[in-house]
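Heavy-atom basis, side chains included; hydrogens, waters and symmetry copies ignored. Here is the naming used below: chain letters follow the sequence lines, and residue numbers restart at 1 for every chain.
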Protein chains: 2
Amino acid sequence: MIEARYLRVLRAVAQSGSFSAAARELGCTQPAVSQQIKALEQAVGVPVVVRSGRTTRLTEAGEALHRHAAGILAGLTAAEEEVAAMAGLRAGRVRLVAFPSGSSSLVPHAVAEVRAAHPGVRVSLVEAEPPEAAAMLRAGDVEIALAFRYPSPSGARLGPAGDDWSDLVVRSLLDDRLVGLVPAGHPLAAAGRVGPVNVAELADEHWIAGCPQCRSHLVDLCESAGFTPLIEFATDDYPAVVGLVAAGLGVAVLPLLALEAVRLAGVAVLPLGPEACREVVALTLPDLVNVPAVDVTLGRLSRAALRISALRDTGASLGLPHTGA
Amino acid sequence: MIEARYLRVLRAVAQSGSFSAAARELGCTQPAVSQQIKALEQAVGVPVVVRSGRTTRLTEAGEALHRHAAGILAGLTAAEEEVAAMAGLRAGRVRLVAFPSGSSSLVPHAVAEVRAAHPGVRVSLVEAEPPEAAAMLRAGDVEIALAFRYPSPSGARLGPAGDDWSDLVVRSLLDDRLVGLVPAGHPLAAAGRVGPVNVAELADEHWIAGCPQCRSHLVDLCESAGFTPLIEFATDDYPAVVGLVAAGLGVAVLPLLALEAVRLAGVAVLPLGPEACREVVALTLPDLVNVPAVDVTLGRLSRAALRISALRDTGASLGLPHTGA
DNA sequence: TCGCATTATAAGGATTGCTTTGGGTTTCAC
DNA sequence: GTGAAACCCAAAGCAATCCTTATAATGCGA
């Protein structure tokens, strides 16, 4: 079996015209070159060099190998270069899948930073709800999945709806507080009110729910508060939720992240207790954390999440009180 | 440094979809595949495979390497195949240089046999006198040189005219007897004469000499017999020598091999003593005897020489008595 | 939940590769 | 012709690599 090493040595010998010069060119000793040539000759079964006096030339077989070696070694260096570009973040591809409200705030900042720092790295994005996102990750369709999970009643933090993330790398990005949404002028939105609102105070309202996980968590939340919500609408289109609430058709509980890109007209935002939150995480496969492009993207996602958390903690976002988590 | 071995393993993994299957395909054990992949990943600095559950896929870097591997491995197998063809005598090139009288009888038989037995082997031929032929061999212009040498007075058998063949492989092909050439009707060509003629009997004749080496040897031969030949013509064109002798312009001493392709009209051939001979040899470089095409050509040259010797020993050639060497 | 399949890890053994050392040969210069 | 330099080979020692076997851990399907 011809090894690439043999061809490198052969090329050096052909170029330099002697074993010693080839050894200097390759940065090794002359016996090493001699042995490599001998190994190559044993591998192919015919002599490749012919020595006459002090001069060293290639045999016909050696010339044939040398001719092929040019393309083979060029292909090898091209392959090395291409992969080295990925290792050096001069190239690479990162495919993201994110839940819809994550794409509007968290992802854009992170992607923009990655693209600015490493223009050769291409980041693509599709949207999917957490269960499907994890499936895409496991299927190899994406490298990073942005998902979220609500704290389960038992306290264990698995993925949503029975999805087990124990085979994934789970990187916690931020705790996304939930807020209540009521029509402007609603009694609970009175000016003098301070402190979080208890969900039980909305027990008699009509409800507008979001995506399936959110709806499921809403039910859990309300039942913990002692009632079952009367859900009349369900849509994962957050501007639509805001519109429905503003129209007085019901109340809603939405994560803050979902509201960042929505114009809040005709609604009042009610702070809820600290137990009303969801955890936003980035998921990836264990092997992929060693891929530089994936690693740097995860890092930028963390930074973007920290930025959002910091904004909230200083009250700059939506004028809400500190979460105090 | 990426080795070809890594790419073979990577390709097997990509094709089979698992390490174990790749190991079976490659004829080795699964840990070997695992280690090779790890070595490859360490060489390029990026993961090349990503394992999710039971399935194994390639990363972007792995795909890039796999893409390059196709061409690289194809080039390697093409190189192996081309050299294997030379090793298997399905291809190859042998360049011969021969002295003129060797080309007319010895070489054609041998070349024809080589071509018949191994149609893929190309044998080419140029003509040159021994000193130049050896120089061409050392310069790498030919693989085999056909030359001859006369026994030196001291008994050492070096190359002609001070040329040292100790760095070459000298393969003795045949002992080429020398014969005297006199005009038809010359007294020494009388019918009753038996046994070899002594050169001294031609001391008073005018001489026609051949190539420089032959001329030099002729002088040695005559001086050993006690006289200095009066050389009036010198040409390495053997038909011309015969013509000059037939015209009565002198006598000559020529090797038998040189006469095989010459029509002997108007001349008489005189047998000389056994000391009047030259050795026809095939020369090559030590490294080249391991080249199959060169080796088989040398073998056929030996066989052709044996055939010529056998013809002479049975008296089938020129009607001369046995050499009894 | 059990059983089969796959992978990772560790250790042993063998092979390979590289270097150093020494010797023979060729070539060039004085 | 002789000395010096360059080149190559051969052998020995050492280190690294590779492959194997054996074992443990994990994942998947019945």
Between B:P292 and B:A87, which heavy-atom pair has the shortest distance, and what is it?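 Heavy-atom minimum between the residues: CG-O, 3.6 Å.
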Write down the distance between [atom1] ([X]) and [atom2] ([N]), rounded to a whole number of angstrom.
{"X": "B:K38", "N": "C:dA10", "atom1": "NZ", "atom2": "C1'", "result": "11 Å"}
{"X": "A:R8", "N": "C:dG17", "atom1": "CZ", "atom2": "C1'", "result": "15 Å"}
{"X": "A:D287", "N": "D:dG27", "atom1": "CG", "atom2": "P", "result": "12 Å"}
{"X": "A:Q36", "N": "C:dT19", "atom1": "CD", "atom2": "P", "result": "10 Å"}

Just checking B:R138: base, sugar-phosphate only, or nothing, at a heavy-atom cut-off of under 4.0 Å? nothing
Touch class at under 4.0 angstrom, heavy-atom based, for A:T29 against every strand present: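 Counting heavy atoms under 4.0 Å across all strands, the contact made by A:T29 includes a base.
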Just compare [options] and give me whichever is closest to any side-chain atom of [X].
{"X": "B:R5", "options": "D:dC19, D:dC7, D:dA10", "value": "D:dC19"}
{"X": "A:T56", "options": "D:dC9, D:dC8, C:dT19", "value": "D:dC8"}
{"X": "B:Y6", "options": "C:dC18, D:dC9, D:dC18", "value": "D:dC18"}
{"X": "A:P31", "options": "C:dT9, D:dC7, C:dT19", "value": "C:dT19"}
{"X": "B:F19", "options": "D:dG27, C:dT20, C:dT7", "value": "C:dT7"}
{"X": "B:S18", "options": "D:dT20, C:dT20, C:dT7", "value": "C:dT7"}

Return yes when atom CZ of B:R5 has more than 12 non-hydrogen atoms of other residues, nucleotides or ligands closer than 6.0 Å, and no otherwise.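 More than 12 within 6.0 Å, yes.
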When you look at CZ of B:R67, are more than 12 heavy atoms from neighbouring residues, nucleotides or ligands closer to it than 6.0 Å? yes
Could you grab the distance from atom CG of B:L137 to atom CG of B:L285, nearest 0.5 Å is fine?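 If I round to the nearest 0.5 Å, the distance is 4.0 Å.
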Regarding C:dT19, can its base be found pairing with the side chain of A:Q35 as donor and acceptor, where the two atoms are less than 3.5 Å apart? yes
The answer to which of A:A21 and B:Q30 contacts DNA chain D further toward the 5' end, by nearest nucleotide, is A:A21
Taking the inter-plane angle between the rings of A:H217 and A:Y150 on a 0 to 90° scale, is it parallel (under 30°), tilted (30 to 60°) or perpendicular (over 60°)? parallel
